Structures are given as structure tokens and as C-alpha cells.
Amino acid sequence: MNELNPKANNYRHMNNYGILVLAFIGGVFLAIQGGLNAQLGVLLRNPLLASLIAFFSSTLFALVFVLFNFKSLPTIIQAKEVPFYLWFTGGFFSVIGISLYYYTIPKLGISTMISIGLCGQLIFAVIAGNYGWLNLPLEPITLKKTIGMLSMILGIILINIK
């Protein structure tokens, strides 16, 4: 903590809360897009086609956002520093994951799919953070994290009991 500047500490906490709110909103938006694009997949009778359409429109929106926030292109040296696999593996996993969402939401319902999907994300994230997989910062598994994961799993069971 910064004892010399208490306002800096308050700003840091407010900034963290703001980031948490943005993360929450991002989760809401992912659930909304999942529901909308699952409907698209049902109407088209093809969740992969819905994924293609969603990614194409996402590309257009991302392009607009990049153009409005454009600062500079990466240099050739910066581009060459990026490992080859990073140019396509994130997109590959995204297509598979999103297509699975679009396929399973109409079959399971949105609350079941999102809760099970979040459980998978959380368990993988905790394990990956513990071992530093994907070149991410180490976040050791603690008793609190374990209790949190178990609580989430119990919550998912309660949400999905018919």
C-alpha cells in the first residue's frame, strides 16, 4: 500500500472494481451472444455455419474498433517474435468452444450450458494458473480457491437439479 498517497490506494481499488464490473459485463455479453447465435444455428440447422457468420461479423466489428483505436502496426521484428502457433491456435479453440456452445445451448438450455461451461473454464483456469500453463502468471491453488471451486460445482448442481 502507498501510505504517502491514500488517494492512489482508493483509485487503485476503484480501478479494480471497474475492471471487475467490465469482466462481469463481458460475461453477460458472452451469454447473450451465445443465446443469439445458438438461435441462428438452430434456424440455419448448422451451428458451424452460425459460428462462421458470428466470427465474420465479429471480425468486421473488431476491424472497426481497431480503426478507431489505431495507434501503430507492429513492426516486422515484433511480428516475427510471435510464435507461429499463436497466429491460429486461439482462433481454432475459439471456433470449437463457441460452436459447442451454439450446439449445446438449444439442447441443454442457456443456464445449464453457461453454468457447465463456466465450471469447465474455472477448473481449467485454476489448474493452468497453478502450473503457469499458456505462459500465464503463476497462481497457486489455495484452500480458498479449492473451496470456491467446490462451491461453484455445488451451485451448478443446484442450478441444474430438475
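Since the structure is predicted, the reported quantities are computational estimates derived from the model, not experimental observations.
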Report the residues that fulfil side-chain contact (heavy atoms from CB on, under 4.5 Å) with Gln78, sequence neighbours left out, ordered by chain and then residue number.
Pro74, Thr75

With sequence neighbours excluded, residues passing side-chain contact (heavy atoms from CB on, under 4.5 Å) with Thr59
none

A quick test of your reading: do over 12 heavy atoms of other residues, nucleotides or ligands sit less than 6.0 Å from CG of Leu138?
yes

Check this for me: Ile76, atom CD1, are more than 12 non-hydrogen atoms of other residues, nucleotides or ligands nearer than 6.0 Å?
no

Throw together a table of side-chain donor-acceptor distances under 3.5 angstrom for residues 31-45, partners on residues two or more places apart or in other chains.
| from | atom 1 | to | atom 2 | distance (Å) |
| --- | --- | --- | --- | --- |
| Gln33 | OE1 | Asn37 | ND2 | 3.1 |
| Gln33 | OE1 | Tyr102 | OH | 2.7 |
| Gln33 | NE2 | Leu30 | O | 3.3 |
| Asn37 | ND2 | Gln33 | O | 3.2 |
| Asn37 | ND2 | Tyr102 | OH | 2.9 |

Acceptor/donor pairs from residues 155-162 side chains to any protein atom, 3.5 angstrom cut, sequence neighbours excluded:
| from | atom 1 | to | atom 2 | distance (Å) |
| --- | --- | --- | --- | --- |
| Asn160 | OD1 | Thr112 | OG1 | 2.6 |
| Asn160 | ND2 | Ser115 | OG | 3.2 |
| Asn160 | ND2 | Ile156 | O | 2.7 |

For Leu136, all residues meeting side-chain contact (heavy atoms from CB on, under 4.5 Å), sequence neighbours excluded
Leu134

Would you say Phe29 and Ile25 make side-chain contact, with heavy atoms under 4.5 Å?
yes

Under 3.5 Å, which donor-acceptor pairs link side chains of residues 103-110 to any protein atom two or more places apart or in another chain?
| from | atom 1 | to | atom 2 | distance (Å) |
| --- | --- | --- | --- | --- |
| Thr104 | OG1 | Leu100 | O | 2.7 |

Students should find that the hydrophobic cluster of Phe56, defined by side-chain heavy atoms under 4.5 Å apart, otherwise consists of Leu60

Verify same cluster id: Met152, Leu154 (apolar side-chain graph, 4.5 Å):
yes

Ile123 meets the side-chain contact (heavy atoms from CB on, under 4.5 Å) criterion, sequence neighbours left out, with Cys119, Ile127, Met149, Ile153

For residues 83-97, which side-chain donor-acceptor pairs fall under 3.5 Å, sequence neighbours excluded?
| from | atom 1 | to | atom 2 | distance (Å) |
| --- | --- | --- | --- | --- |
| Thr89 | OG1 | Tyr85 | O | 2.8 |

Sequence neighbours excluded, every pair satisfying side chain to side chain donor-acceptor pair (under 3.5 Å) that has a member inside residues 140-158:
none

Smallest separation among heavy atoms of Ser99 and Pro47, with atom names:
O-CB, 4.1 Å

Pairs involving residues 118-133, ordered by first then second residue, that meet side chain to side chain donor-acceptor pair (under 3.5 Å) (sequence neighbours left out):
Tyr101-Gln121

Establish whether Ile98 and Leu122 are linked, either directly or via other cluster members, by ILVMFWY side-chain heavy-atom contacts under 4.5 Å.
yes

The remaining residues in the hydrophobic cluster of Leu143, counting side-chain heavy-atom contacts under 4.5 Å among Ile, Leu, Val, Met, Phe, Trp and Tyr, are Ile147

